[in-house]
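Read the structure below first, then the notes.
What you see is a predicted model; the values in this text were computed from it and never measured. Order of the sequence lines sets the chain letters (A, B, ...), proteins ahead of strands, with each chain counted from 1.
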Protein chains: 2
Amino acid sequence: MVEHRTSPHHSGPGRAAEKPHDHDACIDTAIARARALCEERSVQLTPIREKVLQIVWRSHKPVGAYQVLDELSRTHKAARPPTVYRALDFLIAEGLIHKIESLNAYLGCGEAGVAHTSQFLICRSCGTTEEIVDPKLDQALDAAAKRARFTVERKVVEIAGLCGRCAG
Amino acid sequence: MVEHRTSPHHSGPGRAAEKPHDHDACIDTAIARARALCEERSVQLTPIREKVLQIVWRSHKPVGAYQVLDELSRTHKAARPPTVYRALDFLIAEGLIHKIESLNAYLGCGEAGVAHTSQFLICRSCGTTEEIVDPKLDQALDAAAKRARFTVERKVVEIAGLCGRCAG
DNA sequence: TGGGGGGATGATACAATATAACTTTGGGGC
DNA sequence: GCCCCAAAGTTATATTGTATCATCCCCCCA
């Protein structure tokens, strides 16, 4: 169900099919960054929140809230849906994870702490979802909204299809 | 709950705050187009499907499936969730409505029968959701996907914020 | 030092969205 | 008449997400 360290997959925008991906390091980096950011912002990355962040980061596939709950329950018997949704809400508010709307699922944010708008490439075959940051695309969104006299607050861009690995 | 004929709101991409919108005519056009398209394609726009299409078209706000169910039940006592979801699935497959993923709700398609990829501007204040078709934006999406060696099958672009009317 | 406030979590219940699986209906072709 | 098939009926359940109130715990500070 969950990907572990040895599974090789691509790691960054526009750089598919390169060297294997050390996912443990990937998680560790994300957690360390999250700790630093929460420290900076004087918000609490509590044990539950950190655990949920870790669970979401265990793969590069979006994870459902109840899947998070299952995992969390193993170490935290008292966990219930609100436990998970509160943690997810916190992590989203702090920009540490994203919600993938078309899947009702959650994904670790690869750009935590950096101002950005991201887009997602969701492979329907392997489930791997890549976060990309494309300023041109983002500008095109802003321009389109502006033409319609629309004030943008939130952007959802999710592209579903086949990743290079699965199509190739 | 539902908007009726006299409610004026803007009607097309990039043309906010113009003359009142005759929504009855808007619905009628959509239904007529749907009939013609289904005829052409030899698929059945059954009474239930047409009624659901009409319900979705009653406003320019996305409508939830259970809201559709409530309305449908008034004239169709046997209606149940599968009744509605089947009709919605059919209408989506035929390109007559769209699902707004970030709201889990459904919206009439203003470009039925024309090949297009659309984007949505969702006003958080009044709920009105405008479908726009912006080829530049669409190209930017394709270009971004291509750079990541990703084969696009479906695109979800939803921008939430304030429409001109509500921001102004 | 103990009382109050607030953020986080516990706990229970439920709401909202969506699908599975099997049955029945009805119209068209043979 | 009989079969076939798409559509709709029917029942049950799965999945996703919230509301609400209680409790805990830490920090502040009078």
Checklist entry - Under 3.5 Å, side chain of A:Thr151 to main-chain N/O of A:Arg149, donor-acceptor pair present? => result no
Item to check | N/O donor-acceptor pair under 3.5 Å between B:Arg49 side chain and B:Gln44 backbone | outcome: yes
Does [X] pair with [Y] as a salt bridge, N-O distance under 4.0 Å?
X: B:Glu158; Y: B:Lys99; value: no
X: A:Glu50; Y: A:Arg35; value: yes
X: A:Glu111; Y: A:Arg33; value: no

Between [N] ([atom2]) and [X] ([atom1]): distance, integer Å:
X: A:Ile100; N: D:dT15; atom1: CD1; atom2: C1'; value: 18 Å
X: B:Arg41; N: D:dA6; atom1: CZ; atom2: C1'; value: 18 Å
X: A:Ile48; N: C:dA11; atom1: CD1; atom2: P; value: 11 Å
X: B:Leu45; N: D:dA6; atom1: CG; atom2: C1'; value: 15 Å

Checklist outcome for this item: Protein heavy-atom contacts under 4.0 Å, written 5' to 3' over nucleotides 15-30 of chain C as B (base), S (sugar-phosphate only) or - (none), form the string --BBBBB---------
Next on the checklist: Looking at C:dG7, I'd like to know if its phosphate oxygens (OP1 or OP2) sit under 4.0 Å from a side-chain N or O belonging to A:Gln44.
Outcome noted: no
Next on the checklist: Are the side chains of A:Lys155 and A:Asp142 in contact, using a 4.5 Å heavy-atom criterion?
Outcome noted: yes
Item to check | Test item: B:Val152 and B:Leu141 side chains (from C-beta on) under 4.5 Å apart, heavy atoms | outcome: no
Checklist outcome for this item: So, with a heavy-atom separation below 4.0 Å from DNA chain C, the residues of residues 72-80 of chain A are A:His76, A:Ala78, A:Arg80
Checklist entry - Between the axis at one end of the helix from C:dT1-D:dA30 to C:dC30-D:dG1 and the axis at the other (five pairs apiece), what's the angle to 10 degrees? => result 10°
Next on the checklist: Holding to salt bridge (charged side-chain N to carboxylate O under 4.0 Å, His left out), I want the full list of residues that pass it with B:Arg41, two or more places apart in sequence or in another chain.
Outcome noted: B:Glu94
Checklist outcome for this item: Using a 4.5 Å side-chain heavy-atom cut-off and chaining through intermediate ILVMFWY residues, the residues clustered with B:Val114 come out as none
Checklist entry - Using links of under 4.5 Å between side-chain heavy atoms of ILVMFWY residues, direct or through other members, which residues join B:Ile100 in one cluster? => result B:Leu103, B:Leu107, B:Phe120, B:Ile122
Item to check | Parallel, tilted or perpendicular: ring planes of A:His21 versus A:His23, cut at 30 and 60 degrees | outcome: tilted
